[in-house]
Amino acid sequence: FEFLFSNNLFKNLSIKISAAILEYLNLLEINTDLLDIYYQRSWATYTENEQSINFHNHSQSNISFAYYLLKPKNSGGIIFRSNELQNEIAKNIFTNSKLDKSLINKPNAYNSDRSMFDLEQDSIIIFPSKTLHATMPNQSGEPRISISGDISIMLKDSDGFEHLMPNFKNWTKF
């Protein structure tokens, strides 16, 4: 079921997530008045004990999200991984072998290629779809249920803009 938000039963949740997406875009200082924003798809993920989701991204969309509908303690968080380490001052300086050899005192958000967030039930996490992400194994003995989705952003008027998608209303099908 990849189009949950087309079902009226999910209307209130889609309104809640829409507000969070707009807040996210406002934090980025993006003028949403110039955009049309679409739920591209939305689905539920049911993760049982010891299950996890491998690293992947959603390259077909702009923004992705996960809403934690059911999130027992120890059911695992979400991990983000970057292949571009912004603070890497020398090649491979932040690898585990450098940590093992005490060149790096301890991993943190500035010297790691991964960040993990263990959110609580009823939380929403929003991130660029291109970001590699995975989940930690569910070790709660109970299911974890999240509602996830992808969002596409299109310009209302693409005149003068090169890098955002022009509105599909102007496309020509062949």
Side-chain angles (χ1 to χ4, degrees), residues 1-45 53-69 71 77-95 107-120 122-135 145-174:
F1 301 104
E2 67 177 322
F3 303 109
L4 288 183
F5 287 174
S6 63
N7 184 324
N8 231 10
L9 294 172
F10 290 90
K11 182 139 183 82
N12 288 340
L13 182 58
S14 78
I15 291 169
K16 178 178 184 169
I17 292 173
S18 295
I21 297 293
L22 290 173
E23 184 178 338
Y24 171 78
L25 291 170
N26 286 331
L27 285 171
L28 296 175
E29 294 294 337
I30 293 174
N31 183 354
T32 56
D33 292 339
L34 301 180
L35 305 175
D36 281 334
I37 304 167
Y38 296 92
Y39 283 110
Q40 186 185 91
R41 63 174 88 166
S42 49
W43 64 92
T45 302
I53 298 171
N54 292 328
F55 278 103
H56 65 285
N57 67 12
H58 301 246
S59 58
Q60 80 288 349
S61 58
N62 302 107
I63 298 170
S64 295
F65 67 87
Y67 168 76
Y68 292 95
L69 182 67
K71 180 80 171 53
I78 188 167
I79 310 165
F80 296 103
R81 186 177 81 198
S82 174
N83 292 329
E84 299 295 325
L85 297 171
Q86 300 305 317
N87 293 315
E88 189 175 49
I89 57 174
K91 183 106 175 112
N92 297 322
I93 194 172
F94 296 145
T95 62
N108 63 33
Y110 303 109
N111 66 17
S112 179
D113 68 342
R114 296 168 194 235
S115 297
M116 201 278 287
F117 299 88
D118 194 8
L119 300 164
E120 296 180 6
D122 198 35
S123 295
I124 302 169
I125 191 157
I126 302 165
F127 52 95
S129 298
K130 66 182 180 181
T131 307
L132 287 172
H133 58 284
T135 62
I145 301 173
S146 63
I147 306 294
S148 297
D150 292 327
I151 293 168
S152 288
I153 297 172
M154 295 181 185
L155 289 160
K156 291 180 181 178
D157 179 3
S158 58
D159 186 36
F161 292 95
E162 182 180 350
H163 297 289
L164 277 175
M165 190 179 302
N167 200 289
F168 72 90
K169 295 171 188 165
N170 299 314
W171 298 3
T172 303
K173 185 175 180 177
F174 65 95

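Along the sequence shown, residues are numbered consecutively beginning with 1. The figures here come from the full heavy-atom set of this structure, side chains too, leaving out hydrogens, waters and symmetry mates.
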[atom1]/[X] to [atom2]/[Y] distance, rounded to the nearest 0.5 angstrom?
X      : Y      : atom1 : atom2 : result
Ile153 : Thr32  : CD1   : OG1   : 9.5 Å
Ile17  : Asn12  : CD1   : CG    : 11.5 Å
Phe80  : Phe55  : CZ    : CZ    : 10.0 Å
Leu35  : Asn167 : CG    : CG    : 10.0 Å
Met154 : Asp36  : CE    : CG    : 8.5 Å
Thr135 : Ile53  : OG1   : CD1   : 4.0 Å

Hey, does the side chain of [X] reach the backbone of [Y] with a donor-acceptor pair shorter than 3.5 angstrom?
X      : Y      : result
Ser146 : Tyr67  : no
His133 : Arg81  : no
His163 : Phe161 : no
Ser64  : Phe127 : no
Ser123 : Leu119 : no
Lys156 : Asp33  : yes
Ser42  : Leu4   : yes
Gln40  : Ile63  : no

Exercise: identify the closest heavy-atom pair between [X] and [Y]:
X      : Y      : answer
Ile124 : Ile126 : CG2-CG1, 3.8 Å
Trp171 : Met165 : CZ2-SD, 3.5 Å
Ser152 : Asn62  : CA-OD1, 3.4 Å
Phe117 : Ser115 : CE1-CB, 3.8 Å

Task: Any Asp122 side-chain heavy atom under 4.5 Å of Lys16 side chain - done: yes
Open item on the list: Between Asn31 and Leu25, is there a side-chain heavy-atom distance shorter than 4.5 Å?
Closed with: no
Open item on the list: Determine whether Asp150 and Tyr39 satisfy the following criterion, side-chain hydrogen bond (donor to acceptor under 3.5 Å, both in side chains), listing intermediate values before the conclusion.
Closed with: CA-CA 6 Å; Asp150 292 327; Tyr39 283 110; over 6 Å; no
Task: Residue pair Tyr38, Phe168: steps toward the side-chain contact (heavy atoms from CB on, under 4.5 Å) verdict - done: CA-CA 11 Å; Tyr38 296 92; Phe168 72 90; 3.3 Å; yes
Task: Check against side-chain contact (heavy atoms from CB on, under 4.5 Å), Phe65 and Ile151 - done: CA-CA 8 Å; Phe65 67 87; Ile151 293 168; 4.0 Å; yes
- [ ] Given side-chain contact (heavy atoms from CB on, under 4.5 Å), test Ile78 with Ile125 step by step and report yes or no.
- [x] CA-CA 9 Å; Ile78 188 167; Ile125 191 157; 4.0 Å; yes
TODO: State whether the number of non-hydrogen atoms from other residues, nucleotides or ligands found under 6.0 Å of Gln60 atom CD is greater than 12.
DONE: yes
TODO: Flag the pair Lys71 and Asp118 as a salt bridge only when some basic side-chain nitrogen lies within less than 4.0 angstrom of an acidic carboxylate oxygen.
DONE: yes
